[in-house]
Amino acid sequence: MAAAERQKGERVTFERGIPAQMMGIDGTWRRDCKMEDVSETGAKLTVEGSVEGLHLKEFFLLLSSTGLAYRRCELSWVNGDQIGVNFLKQGDKKKRNTRAVDMDAEI
């Protein structure tokens, strides 16, 4: 399936990319990046420098220098210096943990 077919919702593409930063959930690392396109559910980023060794399972995408505009992300795909991310909604983690607890209760 082509990447375009997998994407959900309207996607906005930026001609030059929007400067942003990726930051580890625990704040131990940061990387400059450019947001190439964005939708309600995710974005495509071009990362400056290597992504090797970074914990990309979950991280923050900082969209403002003050850190007031951000999204919590999970890695979707990697292609060279470009990555695809899915935005996590508030409570996504809690739902997963709740299901795990519910399953334990049923056993």
In short, Val47 meets Cys33 closest at the heavy-atom pair CA-CB, 4.1 Å
Value for CE (Met22) from CG (Leu75), rounded to nearest 0.5 Å, stands at 8.0 Å
d(Leu45 CG, Ile18 CD1) to nearest 0.5 Å is 12.0 Å
Report yes if some heavy atom in the side chain of Arg71 is under 4.5 Å from a heavy atom in the side chain of Val85; otherwise report no. no
Under a 4.5 Å cut-off applied to non-hydrogen side-chain atoms, are Met35 and Leu63 in contact?
-> yes
Arg30 vs Phe60 side-chain heavy atoms within contact, under 4.5 Å: no
| His55 side chain reached by Asp26 side chain, heavy atoms, under 4.5 Å | no
Minimal heavy-atom distance between Arg31 and Ser50, with the atoms involved, is NE-O, 3.1 Å
Taken to the nearest 0.5 Å, the spacing of Asn86 CG from Glu74 CD works out to 5.0 Å
d(Met23 CE, Arg72 CZ) to nearest 0.5 Å is 10.0 Å
- Which word best sums up how the rings of Trp29 and Phe59 line up, parallel for under 30°, tilted for 30 to 60°, or perpendicular for over 60°? tilted
In this structure, CG of Leu88 is separated from OG1 of Thr41 (nearest 0.5 Å) by 11.0 Å
Can you check whether Lys57 reaches Ile25 side chain to side chain, under 4.5 Å on heavy atoms?
no
Nearest heavy-atom approach of Ala69 to Ser64 is N-OG, 3.2 Å
In terms of heavy-atom contacts, Phe87 and Ala43 come closest through CZ-CB, 3.8 Å
In terms of heavy-atom contacts, Ser39 and Arg11 come closest through OG-NH2, 3.2 Å
Exercise. Kindly determine whether Lys44 and Phe14 satisfy side-chain contact (heavy atoms from CB on, under 4.5 Å), including the steps that lead there.
Key: CA-CA 10 Å; Lys44 177 169 69 174; Phe14 304 107; over 6 Å; no
Value for NZ (Lys34) from CZ (Arg16), rounded to nearest 0.5 Å, stands at 9.5 Å
